[in-house]
**Student:** 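Input: one structure, supplied below.
In this text the structure is predicted, and so the values were computed from the model without any measurement.
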Amino acid sequence: MDIWVDADACPVVIKEILFKAAQRTKTNLTLVANQSIVRPKSPFIHMKQVSQGFDVADDEIVKLSKSGDLVITSDIPLAAEVIEKGALALSPRGEKFTADNIRARLNMRDFLETMRASGEHTSGPSALSQADRQAFANHLDRFLTKGC
């Protein structure tokens with residue numbers, strides 16, 4: 001299994017958890033972003049810099065990921081695309097995206113986007129909490145040890 005990170009919007013604390021896990025388990029981890037990301041020197045941690053543009057990093061992750069890989073993203077459409085390919089998807093908040101829940105997540109995202117477009121003010125996501133970090137670390141550990 002390889003880990004692909006939608007790195008432009010991934011919180012630093014989550015990247016640090018990923019770096020430690022990649023080193024510990026000797027798992028290839030690739031950060032995909034349109035700017036260079038600071039990372040530790042490691043044979044397991046890589047950077048794939050893509051050009052600027054809407055969804056360029058997402059498209060690259062979809063292209064490069066394969067069945068059984070893990071994709072870290074809060075982008076629901078990206079999660080849906082990699083799930084279709086047989087990859088696994090996990091948000092930085094520790095939310096596991098699956099074939100069973102992704103359609104509902106896409107529908108809610110589209111609904112909120114429509115509300116915002118009509119002038120309705122919706123609140124954004126809350127700050128990343130300690131519970132979110134713990135949920136992420138726990139799910140990541142399960143993925144790396146059991147592949148699920």
Side-chain angles (χ1 to χ4, degrees), residues 1-23 25 27-40 42-118 120-129 132-133 135-144 146-148:
M1 171 200 313
D2 291 329
I3 301 173
W4 302 93
V5 182
D6 185 5
D8 285 319
C10 187
V12 171
V13 67
I14 297 302
K15 286 183 231 175
E16 290 170 358
I17 292 168
L18 286 162
F19 296 154
K20 288 176 186 170
Q23 281 293 113
T25 62
T27 302
N28 282 320
L29 175 128
T30 303
L31 303 162
V32 182
N34 57 28
Q35 59 188 351
S36 185
I37 304 286
V38 176
R39 63 203 179 277
S42 166
F44 306 107
I45 301 169
H46 315 281
M47 173 71 208
K48 173 82 171 154
Q49 190 168 348
V50 297
S51 61
Q52 297 283 336
F54 186 70
D55 286 343
V56 175
D58 297 357
D59 293 343
E60 189 71 8
I61 291 170
V62 170
K63 182 176 94 176
L64 296 173
S65 64
K66 61 192 178 310
S67 182
D69 284 353
L70 175 61
V71 175
I72 309 301
T73 185
S74 55
D75 186 301
I76 297 168
L78 171 57
E81 286 189 73
V82 298
I83 287 169
E84 277 185 32
K85 288 184 73 174
L88 307 165
L90 181 64
S91 84
R93 293 181 179 276
E95 298 164 311
K96 188 175 168 184
F97 298 117
T98 66
D100 293 333
N101 71 15
I102 198 68
R103 182 66 40 212
R105 297 297 306 265
L106 279 167
N107 289 339
M108 180 56 77
R109 175 196 169 272
D110 292 345
F111 171 73
L112 291 173
E113 196 169 275
T114 300
M115 296 275 296
R116 285 189 292 272
S118 69
E120 186 72 30
H121 293 285
T122 59
S123 61
S126 59
L128 194 68
S129 70
D132 294 331
R133 288 177 233 169
F136 177 82
N138 289 341
H139 277 301
L140 178 64
D141 188 54
R142 273 186 236 124
F143 277 122
L144 293 172
K146 298 176 187 144
C148 62

**Student:** I'd like to know if the side chain of N28 and the backbone of D2 have a donor-acceptor N/O pair within less than 3.5 Å.
**Tutor:**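 A pair under 3.5 Å: no.
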**Student:** Are any non-hydrogen side-chain atoms of W4 and L78 less than 4.5 angstrom apart?
**Tutor:**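 Result no, sub-4.5 Å side-chain heavy-atom pair not found.
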**Student:** Using the test side-chain hydrogen bond (donor to acceptor under 3.5 Å, both in side chains), find all partners of N138 that sit at least two apart in sequence or belong to another chain.
**Tutor:**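 Q134.
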**Student:** Give a yes or no on this: more than 12 heavy atoms of other residues, nucleotides or ligands lie within 6.0 Å of atom NZ of K66.
**Tutor:**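 Result for NZ/K66: enclosed.
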**Student:** Check L88 against G68 and note the closest heavy-atom contact, atom names and distance.
**Tutor:**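 Answer, listing the atom of L88 first, then G68: CD1-O, 4.3 Å.
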**Student:** Considering all heavy atoms of both residues, which atom of D8 and which atom of A33 are nearest to each other, and what is their separation?
**Tutor:**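 The answer is OD1-CB, 3.0 Å.
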**Student:** With side-chain contact (heavy atoms from CB on, under 4.5 Å) as the test, would you mind laying out the steps for V13 and R133 before giving the verdict?
**Tutor:** CA-CA 8 Å; V13 67; R133 288 177 233 169; 3.6 Å; yes
**Student:** side-chain hydrogen bond (donor to acceptor under 3.5 Å, both in side chains) with Q23: which residues, sequence neighbours excluded?
**Tutor:**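 Q23 satisfies side-chain hydrogen bond (donor to acceptor under 3.5 Å, both in side chains) with S42 only.
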**Student:** For the atom pair NZ (K85) and CG (L64), what is the distance rounded to the nearest 0.5 Å?
**Tutor:**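 K85 NZ to L64 CG: 7.5 Å, rounded to 0.5 Å.
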**Student:** Would you give the length of the straight line joining atom CD of E81 to atom CD1 of I102, rounded to the nearest 0.5 angstrom?
**Tutor:**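 Rounded to the nearest 0.5 Å, the CD-CD1 separation comes out at 10.5 Å.
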**Student:** Rounded to the nearest 0.5 Å, what's the gap from CD1 on I83 to OG on S67? Could you check?
**Tutor:**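 Nearest 0.5 Å value for the CD1-OG distance: 12.0 Å.
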**Student:** Could you tell me whether the side chain of T98 reaches within less than 4.5 Å of the side chain of K96, counting heavy atoms only?
**Tutor:**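 Sidechains of T98 and K96: in contact.
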**Student:** Looking at every heavy atom in both F97 and A79, which two are closest together, and how far apart are they?
**Tutor:**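 The answer is CD1-CB, 3.6 Å.
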**Student:** Return the set of residues passing salt bridge (Lys or Arg N to Asp or Glu O under 4.0 Å) with D141 (not counting sequence neighbours), or none when no residue passes.
**Tutor:**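 Applying salt bridge (Lys or Arg N to Asp or Glu O under 4.0 Å) to D141 gives R24.
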**Student:** Could you list the residues that satisfy side-chain hydrogen bond (donor to acceptor under 3.5 Å, both in side chains) with D132, not counting sequence neighbours?
**Tutor:**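 By the side-chain hydrogen bond (donor to acceptor under 3.5 Å, both in side chains) rule, D132 matches R93, S129.
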**Student:** Might you work through the side-chain contact (heavy atoms from CB on, under 4.5 Å) test for D6 and I61, ending with a clear yes or no?
**Tutor:** CA-CA 8 Å; D6 185 5; I61 291 170; 3.9 Å; yes
**Student:** Donor-acceptor check, side chain of S65 to backbone of D69, threshold 3.5 angstrom: yes or no?
**Tutor:**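 No.
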**Student:** Holding to side-chain hydrogen bond (donor to acceptor under 3.5 Å, both in side chains), I want the full list of residues that pass it with T27, two or more places apart in sequence or in another chain.
**Tutor:**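 side-chain hydrogen bond (donor to acceptor under 3.5 Å, both in side chains) check on T27 returns T25.
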**Student:** Distance-only criterion, 3.5 Å: show the donor-acceptor pairs between side-chain atoms of residues 47-56 and protein atoms not counting sequence neighbours.
**Tutor:**
residue, atom, partner, partner atom, Å
K48, NZ, E60, OE2, 3.4
Q52, NE2, N34, O, 3.3

**Student:** Between L140 and L70, is the side-chain contact (heavy atoms from CB on, under 4.5 Å) condition met? List the steps.
**Tutor:** CA-CA 9 Å; L140 178 64; L70 175 61; 3.7 Å; yes
**Student:** Evaluate the criterion side-chain contact (heavy atoms from CB on, under 4.5 Å) for residue pair I72 and I3; output intermediate values, then yes/no.
**Tutor:** CA-CA 7 Å; I72 309 301; I3 301 173; 4.0 Å; yes
**Student:** Find out whether L31 and H46 are in side-chain contact, i.e. whether some heavy atom of one side chain is under 4.5 Å from a heavy atom of the other.
**Tutor:**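 Side chain of L31 against side chain of H46, heavy atoms only: no contact under 4.5 Å found.
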**Student:** Can you tell me how far CD of E95 sits from CZ of F136, rounded to the nearest 0.5 angstrom?
**Tutor:**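 Here the interatomic distance stands at 11.5 Å.
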